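Could you have a look at this structure, given as structure tokens, before my questions?
These numbers come from a predicted model, not from an experiment.
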Amino acid sequence: MALAAHLNPGETLGDRIIKVDHAGEHGAVCIYRMQRWFARWRAPDMLAELDEFIAHERGHRALFATELQRRGRRRCRSYIWCGVGGTLLGIGTGLAGRGAIAATTVAIERVVLRHMQAQIDALRESDPAAAGLLQRIIREEQAHHDLSVARAVPDGFWSRLIDPVVAVSTEMVIWLGMRL
């Protein structure tokens with residue numbers, strides 16, 4: 001991760017990653033909350049699963065917030081934008097129903113898992129506290145991905161439409177967050 005040039009004075013790569021991942025978890029909470037709201041009508045069989053996802057993401061967000069506070073760092077400038085984008089994505093995919101909800105989770109979590117593993121690799125030596133925090137969270141993110149893969153239709157309409165758009169959007173949000 002050649003991002004040292006984008007760090008603020010006194011900020012470590014671990015600080016920046018924690019800030020960006022905290023904002024991402026906020027976005028995820030917003031996505032799942034809106035999807036759950038519409039799932040009451042569009043995919044009631046997914047309510048328990050979405051409740052579990054929301055609980056996990058809130059927990060992740062709280063862990064990152066605690067770590068930011070311990071480090072004396074403010075949240076990422078992208079935090080609000082992640083919330084707005086997550087809310088809009090959650091509304092759109094929640095309205096579309098089961099297939100869109102599952103396809104969204106698969107796309108997001110695939111990107112997030114890849115980034116988190118790269119972050120762990122980059123921080124293992126230089127910031128073991130941040131790497132350990134990411135390792136605690138990655139198991140639940142993998143579970144979200146795997147549950148949603150089982151629900152999604154890989155070559156279905158929603159997967160073909162949502163996967164590239166959401167994957168690229170997630171990559172962009174991470175890229176921007178690392179540079180703000």
Does the cation-pi check pass for Arg40 over Trp37, that is, NZ or CZ under 6.0 Å from the six-membered ring centre and within 45° of its axis? yes

Of the non-hydrogen atoms in Leu68 and His22, which two are nearest, and what is the gap between them?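 In terms of heavy atoms, the two residues are closest at CD1-ND1, 3.7 Å.
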
Arg42 and Leu95, any side-chain heavy atoms less than 4.5 Å apart: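 No; the side chains remain at least 4.5 Å from each other.
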
For Leu50 and Gln35 the tightest heavy-atom approach is CD2-OE1, 3.9 Å

Which is it for Ser126 and Leu13 under the side-chain contact (heavy atoms from CB on, under 4.5 Å) test, yes or no, and what are the steps along the way? CA-CA 9 Å; Ser126 65; Leu13 180 59; 5.7 Å; no

Ile101 versus Met46, closest heavy-atom pair with distance: CG2-CE, 3.5 Å

Going through the checks in order, is the side-chain contact (heavy atoms from CB on, under 4.5 Å) test met by Gln135 and Arg124? CA-CA 10 Å; Gln135 287 173 321; Arg124 189 171 281 121; 4.0 Å; yes

Do you reckon Val112 sits in the same ILVMFWY cluster as Leu89, going by side-chain contacts under 4.5 Å, direct or chained?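 Same cluster.
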
Output, in order, the C-alpha distance, side-chain angles, deciding distance and verdict of salt bridge (charged side-chain N to carboxylate O under 4.0 Å, His left out) for Arg160 and Asp155. CA-CA 6 Å; Arg160 286 192 326 269; Asp155 293 325; over 6 Å; no

Sequence neighbours excluded, every pair satisfying ring pair (Phe, Tyr, Trp, His ring centres under 6.0 Å) that has a member inside residues 140-180: Phe53-His144, His56-His144

Once you round to the nearest 0.5 Å, how far does CE of Met178 lie from CG of Leu7? 7.0 Å

For Ala129 and Arg70, which heavy atoms make the closest approach, and how far apart are they? CB-NH2, 4.0 Å

Name of the residue among Glu57, Glu52, Arg58 meeting side-chain contact (heavy atoms from CB on, under 4.5 Å) with Tyr32: Glu57

With a 4.5 Å cut-off on side-chain heavy-atom distances among I, L, V, M, F, W and Y, is there a chain of contacts connecting Val20 to Met172? no

Quick one, Glu109 with Val149, criterion side-chain contact (heavy atoms from CB on, under 4.5 Å). Give me CA distance, side-chain angles, the key distance, then yes/no. CA-CA 10 Å; Glu109 296 295 8; Val149 164; over 6 Å; no

Does Leu180 belong to the same Ile/Leu/Val/Met/Phe/Trp/Tyr cluster as Ile18, with side-chain heavy atoms less than 4.5 Å apart forming each link? no

Minimum heavy-atom separation for Asp163 and Ala107, please, with both atom names. OD1-CB, 3.6 Å

dist Arg71:CZ -> Thr66:OG1 (nearest 0.5 Å) comes out at 12.0 Å

Please name the pair of heavy atoms, one in Gly10 and one in Asp15, separated by the smallest distance, quoted to 0.1 Å.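 What the structure gives for the nearest pair is O-OD2, 4.1 Å.
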
Given Val106, which partner from the list Ser159, Pro154, Ser148 fulfils the side-chain contact (heavy atoms from CB on, under 4.5 Å) test? Ser148

Evaluation steps, side-chain contact (heavy atoms from CB on, under 4.5 Å), between Thr87 and Ile31: CA-CA 5 Å; Thr87 297; Ile31 291 167; over 6 Å; no

Please check if Ile138 and Leu123 belong to a single hydrophobic cluster, counting links between Ile, Leu, Val, Met, Phe, Trp and Tyr side chain heavy atoms closer than 4.5 Å.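 Ile138 clusters together with Leu123.
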
Who pairs with Glu11 by salt bridge (Lys or Arg N to Asp or Glu O under 4.0 Å), at least two apart in sequence or on another chain?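 If we apply the salt bridge (Lys or Arg N to Asp or Glu O under 4.0 Å) test to Glu11, skipping adjacent residues, the hits are Arg16, Lys19.
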
A side-chain contact here means heavy atoms from C-beta on lying under 4.5 Å apart; do His60 and Val29 qualify? no

Rounded distance [0.5 Å steps], CG in Leu113 versus CD1 in Ile137: 11.5 Å

Does the Arg151 side chain pair with the main chain of Arg98, one donor and one acceptor, at a distance under 3.5 Å? no

Point-to-point distance, once rounded to the nearest 0.5 Å, from OG1 of Thr104 to CD1 of Ile162: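 Between atom OG1 of Thr104 and atom CD1 of Ile162 there are 4.0 Å.
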
Please check if Ile108 and Leu134 belong to a single hydrophobic cluster, counting links between Ile, Leu, Val, Met, Phe, Trp and Tyr side chain heavy atoms closer than 4.5 Å. yes

Atom pair CD1 (Ile174) and OG (Ser169), whose distance is rounded to the nearest 0.5 Å: 11.0 Å

Once you round to the nearest 0.5 Å, how far does CD1 of Ile54 lie from CD of Glu49?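 Nearest 0.5 Å value for the CD1-CD distance: 11.0 Å.
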
